[in-house]
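Once you've had a glance at the structure underneath, I'll fire off some questions.
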4 protein chains.
Amino acid sequence: MARPRSADKRSSILSGALHTIASQGPSVSTAVIAQAAGVSNGSLFTYFETKADLLNTLYLDLKAEMAGAALKGLPTDRELREQLQFMWAHWLHWATSSPEKRRTLAHLDVSDEITAESRKTAHEMMAGIARLLEASRAHGPMQDMPLAFVLALLSALADTTTDFILRDPAKADEHCEAGFNALWRMLT
Amino acid sequence: MARPRSADKRSSILSGALHTIASQGPSVSTAVIAQAAGVSNGSLFTYFETKADLLNTLYLDLKAEMAGAALKGLPTDRELREQLQFMWAHWLHWATSSPEKRRTLAHLDVSDEITAESRKTAHEMMAGIARLLEASRAHGPMQDMPLAFVLALLSALADTTTDFILRDPAKADEHCEAGFNALWRMLT
Amino acid sequence: MARPRSADKRSSILSGALHTIASQGPSVSTAVIAQAAGVSNGSLFTYFETKADLLNTLYLDLKAEMAGAALKGLPTDRELREQLQFMWAHWLHWATSSPEKRRTLAHLDVSDEITAESRKTAHEMMAGIARLLEASRAHGPMQDMPLAFVLALLSALADTTTDFILRDPAKADEHCEAGFNALWRMLT
Amino acid sequence: MARPRSADKRSSILSGALHTIASQGPSVSTAVIAQAAGVSNGSLFTYFETKADLLNTLYLDLKAEMAGAALKGLPTDRELREQLQFMWAHWLHWATSSPEKRRTLAHLDVSDEITAESRKTAHEMMAGIARLLEASRAHGPMQDMPLAFVLALLSALADTTTDFILRDPAKADEHCEAGFNALWRMLT
DNA sequence: AATGAATGAGGTTTCATTCAT
DNA sequence: CATGAATGAAACCTCATTCAT
């Protein structure tokens with residue numbers, strides 16, 4: 001496996017892609033990405049076979065980071081509601097404190113360069129969140145819906161709430177709580 | 001008088017754009033759009049000044065159609081809940097029976113070719129829906145949230161529900177109802 | 001000979017071409033010319049077979065007008081020097097008082113749409129001027145040069161002088177005289 | 001280090017532009033220029049940012065070459081008249097022995113792609129010639145004219161003379177001398 | 001391995017000319 | 001005859017990817 005030497009350079013490229021895609025969308029040229037990474041045009045292609053490869057990698061990295069952030073430190077000994085709220089708050093915190101990453105993720109989510117396989121892998125990264133959600137909806141009105149449906153709703157709610165927090169950061173806590181309450185009412 | 005500008009040809013182009021964007025995203029070339037419309041490359045530009053112009057027009061057409069479909073025949077003499085449910089059902093019906101239009105709309109919604117003005121106009125087209133939602137949340141737990149927030153939640157829920165109906169059309173009614181109940185629990 | 005009906009429309013087109021070429025060069029589109037003429041796109045082509053045809057016609061019209069202006073009222077009973085000076089003054093007067101025509105003529109003179117035949121015809125229109133010049137140089141130092149050479153020098157001098165008059169109109173008379181004196185010194 | 005930008009290729013492109021513009025005018029497509037240079041369509045744009053950039057560069061190169069040729073080896077210890085004649089002869093020699101360059105320069109001189117700045121730079125390149133001319137006309141009848149006017153006359157004379165030499169090369173020396181004598185009579 | 005020049009297909013838009021009305 | 005929509009061939013420039021250095 002011919003892994004290229006410098007991990008630094010690899011992550012520089014990912015970081016360059018992150019910044020430039022956040023502001024210009026996934027149609028930024030590889031030249032611009034390379035420049036933002038402080039790397040040569042051609043080097044980009046020794047670390048990533050194609051532009052699509054780079055995009056998919058970045059997509060998965062960000063998804064993993066997001067899922068990790070949402071679950072890190074989860075107080076598994078507490079009540080379910082508390083655990084879910086913890087996850088919710090951490091999700092929103094990650095999203096609102098990394099607006100560039102979130103923006104890039106949003107761009108990539110609708111890009112047709114992202115393969116079905118990547119989307120599947122990303123879905124699997126949400127397993128921890130899914131488990132929590134599964135338990136939360138177990139005895140409520142959504143117990144018979146496909147779990148994927150409930151997960152999608154959660155995602156949509158989190159995303160919408162994030163939008164409004166970013167628009168009016170002063171009310172971050174308020175919106176966060178209101179969003180969670182809405183979610184909880186939906187589930188139980 | 002010369003050959004008049006043909007309304008047919010204009011809508012052929014819009015329709016060509018609809019089909020091709022649905023499957024290939026808004027980056028389809030104008031040449032492909034023209035071909036899909038059965039029109040010459042150059043003709044596209046006698047009906048739309050630029051590609052962006054075409055995209056914005058299509059966007060507004062679709063938004064208007066969607067909003068219209070959701071509210072057409074609204075039984076204003078019934079209970080609020082019933083009205084909201086009517087709107088919900090018609091929205092979903094439009095979205096699930098016009099999957100190409102919905103897909104194109106989703107593409108355009110995140111395209112940076114759509115101007116702020118178009119987005120504003122599109123927002124205004126949702127006024128009727130907004131009014132209904134305003135009344136529905138008036139006395140419930142979301143009464144103090146920005147209406148735009150609640151509207152965004154509605155949109156996200158509708159969109160997610162549509163996804164699942166398309167994935168499993170046999171359960172259309174079931175999903176439709178479940179989605180509405182979730183919405184109603186959120187609002188009241 | 002199917003001469004189109006309206007002479008008015010024909011000259012409108014020529015006039016539209018005059019104005020637009022003066023300001024935008026001979027690469028103006030036929031659509032812009034037609035618009036400036038208050039005529040439809042297509043009509044231009046019933047009066048002139050091609051754009052090149054229009055350009056050549058305009059070229060010859062302007063050349064003829066210029067040559068005519070230079071010689072009109074020539075006092076054939078006066079001394080040769082006086083006649084030449086009369087012609088010189090009238091040439092400059094035409095050029096400086098019709099700057100748009102002169103500018104268009106300059107554009108057309110270097111355009112590759114103007115055919116060799118047009119250039120030849122234009123040359124023939126200068127016959128009157130040439131005759132005057134021929135007489136003027138007859139006994140001087142340029143008596144053995146090709147007449148065309150002397151004519152070209154005259155043209156170049158007139159053109160350069162016109163440039164400077166337009167740049168500083170207050171000194172029109174002064175420049176006119178200085179230019180003529182230079183010419184006369186060259187010839188005699 | 002990567003493959004360095006090749007000076008050869010750059011001058012191939014300039015040379016391709018020179019040949020094609022000489023015969024087809026400045027409206028030749030970049031594709032044709034690239035082909036004439038034996039270079040790919042896209043490569044042209046790694047050496048010149050835009051077509052206008054290429055045109056302006058070529059313009060200045062040619063102007064510099066012309067001015068250089070006119071003054072190279074100027075016998076500054078000789079009489080003024082002799083110096084001026086030397087410059088005149090070398091100018092004509094360059095122009096008549098590089099007819100393609102001269103033709104291209106004539107095309108570019110009237111092209112609206114050439115910027116005001118380029119024209120200014122080109123003007124400055126004529127400083128040496130201007131100085132010589134200034135001295136030559138100092139005590140003669142043109143002493144009070146703007147120097148730019150006299151310079152323009154010189155240019156026009158040289159250009160016209162060149163035309164006639166190219167038309168009848170056998171009489172090159174004769175025309176060259178006749179032209180110079182005409183110039184000298186004008187100046188003194 | 002790193003660099004950036006080389007490539008040529010492809011994108012949007014313009015335009016002279018034709019032709020339906 | 002007048003009109004202006006229709007056409008499709010360019011035009012300039014960008015870009016992902018390859019490859020010489």
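Throughout, a chain's letter reflects where its sequence line sits, starting with A, and its residues are numbered from 1.
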**Q.** Criterion side-chain contact (heavy atoms from CB on, under 4.5 Å) against B:Ile33, the qualifying member of B:Asn41, B:Leu58, B:Leu14, B:Thr20
**A.** B:Thr20

Q. So, are D:Asp109 and D:Arg102 salt-bridged, with charged N and O less than 4.0 Å apart?
A. no

(Q) Could you walk me through whether A:Glu65 and A:Lys101 satisfy the salt bridge (Lys or Arg N to Asp or Glu O under 4.0 Å) test, starting with their C-alpha distance in whole Å, then the side-chain angles of each, then the deciding distance to 0.1 Å, before giving a yes or no? (A) CA-CA 10 Å; A:Glu65 188 181 315; A:Lys101 291 179 177 174; 2.8 Å; yes

Q: Would you tell me whether B:His19 and B:Ser15 have side-chain atoms, one donor and one acceptor, within less than 3.5 Å of each other?
A: yes

Q: Could you summarise the pairing of DNA chain F as dot-bracket text, marking Watson-Crick and G-U pairs under 3.5 Å with ( ) or [ ] inside the strand and | across strands?
A: .||||||||||||||||||||

(Q) Looking at B:Arg10, is its backbone amide N or carbonyl O close enough to the side chain of B:Arg5 to form a donor-acceptor pair, meaning the two atoms are under 3.5 Å apart? (A) no

Q. Between D:Arg103 (side chain) and D:Ala22 (backbone), is there a donor-acceptor pair under 3.5 Å?
A. yes

Q: Starting at atom CG of C:Leu54, determine the distance to atom C1' of E:dC15, rounded to an integer number of angstrom.
A: 15 Å

Q) Taking B:Ser12 for the side chain and B:Asp8 for the main chain, is one N or O donor matched with an acceptor at less than 3.5 Å? A) yes

Q.
Main chain of D:Gly25, side chain of C:Asp112: is a donor-acceptor contact present, judged purely on distance under 3.5 Å?
A. no

Q. Once you round it to whole Å, what is the distance between C1' of E:dC15 and CD of C:Glu113?
A. 13 Å

**Q.** A:Phe48 CZ - E:dA2 P separation (whole Å)
**A.** 13 Å

Q | Under 3.5 Å: donor-acceptor pair, side chain of A:Thr121, backbone of A:Glu117 | A | yes

(Q) Rounding to an integer number of Å, can you tell me how far D:Asp53 CG sits from F:dC12 P? (A) 14 Å

Q) When you match D:Pro4 and C:Val32 each to their closest nucleotide on DNA chain E, which lands nearer the 5' end? A) D:Pro4

Q.
Output the rounded distance in Å from CD1 (C:Ile13) to C1' (F:dA2).
A. 11 Å

Q: In whole angstrom, give the distance that lies between atom CD of B:Gln35 and atom P of F:dA6.
A: 18 Å

**Q.** Check: B:Thr57 side chain, B:Asp53 main-chain N or O, donor-acceptor pair, under 3.5 Å
**A.** yes

Q: For A:Leu44 and E:dA5, give me the distance from atom CG to atom C1', rounded to whole Å.
A: 16 Å

Q. Under 4.0 Å between a side-chain N or O of A:Thr46 and OP1 or OP2 of E:dA2?
A. yes

Q) Closer to the 5' end of DNA chain F via nearest nucleotide, is it C:Lys9 or B:Arg5? A) C:Lys9

Q | Worked check of side-chain hydrogen bond (donor to acceptor under 3.5 Å, both in side chains) between B:Ser118 and B:Thr115 | A | CA-CA 5 Å; B:Ser118 288; B:Thr115 65; 3.1 Å; yes

Q: Kindly say if A:Tyr47 contacts the phosphate of E:dA1, meaning a side-chain N or O under 4.0 Å from OP1 or OP2.
A: no

Q) Does C:Ser43 place a side-chain N or O at less than 4.0 Å from the phosphate oxygens OP1/OP2 of F:dT3? A) yes

Q.
With the threshold set at under 4.0 Å for non-hydrogen atoms, list the residues of residues 15-29 of chain A touching DNA chain E in residue-number order.
A. none

Q: Take atom CD of B:Gln35 as the centre, draw a 6.0 Å sphere, and report whether it contains more than 12 heavy atoms from other residues, nucleotides or ligands.
A: no

Pairs under 3.5 Å (N/O, protein and nucleotides 17-19 of chain F):
{"residue": "F:dT17", "atom": "OP2", "partner": "A:Lys51", "partner atom": "N", "Å": "2.8"}

